[in-house]
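In what follows, a single structure is set out as structure tokens and then discussed.
What you see below is based on every heavy atom in this structure, not just the backbone, and it leaves out hydrogens, waters and symmetry mates.
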Amino acid sequence: MSEIHPSAVIEQGAEIGAGCRIGPFCVVGPKVRLGAGVELKSHVVVSGRTEIGADSTLFPFAVVGEIPQDLKFDGEETRLVIGARTRIREHVTIHTGTAQGGGITRIGDDGLFMAGCHIAHDAQVGNRVIVVNNSAVAGHCIIEDDVIIGGLCGIHQWVRIGRGAIIGAVTMVTKDVLPHGLVQGPRGVLDGLNLVGLKRAGVARDDITALRAAFQMLRDGEGTFLDRAHRLKDEATSDPVREMVDFILGDTDRSFLTPG
């Protein structure tokens with residue numbers, strides 16, 4: 001049921017789903033599970049305890065499931081789980097987790113990871129995320145659904161990026177990013193809302209208006225940033241605004257990029 005090129009190395013124990021296509025010079029490790037219809041173009045390495053969801057495609061020289069680039073890693077068995085219909089382009093690297101970070105790196109469904117980008121150990125990446133060429137997401141980051149990370153970006157370890165946010169190209173992000181935030185500049189400035197993304201997602205006009213008012217309150221209101229967020233929680237009637245407030249008041253190891 002699957003097409004496997006004679007030069008590919010499929011180690012004993014690997015599970016290959018129905019309809020998979022494995023091209024020349026690929027290497028698939030003994031603890032790998034490929035879902036139905038997965039395609040490995042050529043020269044792809046899939047190792048470790050790695051699961052790849054159905055109908056995903058990995059392009060030449062992608063390496064997924066290798067051990068973390070973390071000196072604390074001591075050979076423990078950890079995992080990488082990649083969702084369905086994910087496209088992993090040339091030279092992408094995605095690593096398994098560490099015991100200290102929960103033991104699993106997770107990628108959601110329908111993602112696009114462009115050439116040369118990197119997803120480090122213990123990252124939790126949502127659905128429909130796009131990471132553009134040569135960007136790096138460090139260990140323990142949380143990237144929520146529908147986030148776009150532009151080219152040549154660096155996301156610092158432990159950072160959270162909320163749903164629907166967009167990070168402009170050549171940006172270093174060292175603090176948490178609000179849902180639907182727009183971040184740009186060399187050192188990552190929160191420069192507004194991702195209005196284009198909100199409209200493309202079909203978010204209601206009333207909710208967009210409420211988000212803009214909430215953003216202005218977080219920027220200009222009295223007290224500290226967290227004081228404003230607590231007041232906003234008491235006043236919010238829009239679901240996207242509640243989502244933003246819950247993100248701000250949630251657990252985090254970082255501070256926030258605040259509205260400028």
Side-chain angles (χ1 to χ4, degrees), residues 1-69 76-98 101-137 139 141-149 151:
M1 295 292 291
S2 295
E3 301 175 15
I4 300 176
H5 193 276
S7 66
V9 176
I10 312 297
E11 297 192 43
Q12 186 174 356
E15 298 181 25
I16 309 300
C20 288
R21 290 177 289 174
I22 300 178
F25 305 107
C26 292
V27 177
V28 179
K31 298 178 181 179
V32 169
R33 295 174 58 188
L34 302 183
V38 168
E39 181 176 8
L40 311 183
K41 292 283 191 179
S42 74
H43 300 83
V44 174
V45 175
V46 186
S47 58
R49 188 172 289 279
T50 296
E51 302 173 28
I52 300 180
D55 299 315
S56 295
T57 304
L58 283 71
F59 286 76
F61 304 104
V63 178
V64 301
E66 271 294 350
I67 64 173
Q69 299 176 130
E76 64 268 23
E77 186 170 275
T78 54
R79 300 172 58 205
L80 167 63
V81 176
I82 296 174
R85 300 172 302 280
T86 300
R87 289 168 287 171
I88 297 174
R89 295 304 305 245
E90 298 84 354
H91 299 279
V92 168
T93 53
I94 305 176
H95 293 164
T96 58
T98 64
I104 184 169
T105 304
R106 191 181 299 276
I107 309 292
D109 298 336
D110 299 299
L112 172 58
F113 300 87
M114 297 189 189
C117 73
H118 173 64
I119 308 297
H121 59 89
D122 304 298
Q124 306 296 309
V125 179
N127 302 316
R128 299 174 300 279
V129 169
I130 298 173
V131 181
V132 181
N133 305 73
N134 299 303
S135 288
V137 176
C141 289
I142 297 175
I143 312 297
E144 295 188 352
D145 294 348
D146 302 304
V147 167
I148 298 175
I149 298 173

Any non-hydrogen side-chain atom of [X] less than 4.5 Å from a side-chain atom of [Y]?
{"X": "Leu80", "Y": "Ile94", "answer": "yes"}
{"X": "Ile88", "Y": "Val64", "answer": "yes"}
{"X": "Thr96", "Y": "Pro68", "answer": "yes"}
{"X": "Glu90", "Y": "Val92", "answer": "no"}
{"X": "Lys41", "Y": "Leu58", "answer": "no"}
{"X": "Phe113", "Y": "Val125", "answer": "yes"}
{"X": "Val137", "Y": "Ile149", "answer": "yes"}

State which residues pass ring-ring contact (aromatic ring centres under 6.0 Å, His included) with His43; sequence neighbours excluded, sorted by chain then number. Phe25, Phe61
Between Asp122 and Thr105, is the side-chain hydrogen bond (donor to acceptor under 3.5 Å, both in side chains) condition met? List the steps. CA-CA 4 Å; Asp122 304 298; Thr105 304; 5.1 Å; no
Within residues 52-69 or reaching into it, pairs that qualify as salt bridge (charged side-chain N to carboxylate O under 4.0 Å, His left out) - sequence neighbours excluded: none
According to the salt bridge (charged side-chain N to carboxylate O under 4.0 Å, His left out) rule, which pairs have a member within residues 12-32, sequence neighbours left out? Glu15-Arg33, Arg21-Glu39, Lys31-Glu77
Side chain to side chain donor-acceptor pair (under 3.5 Å) partner of Arg128, chosen from Asp146, Asp110, Asp109: Asp146
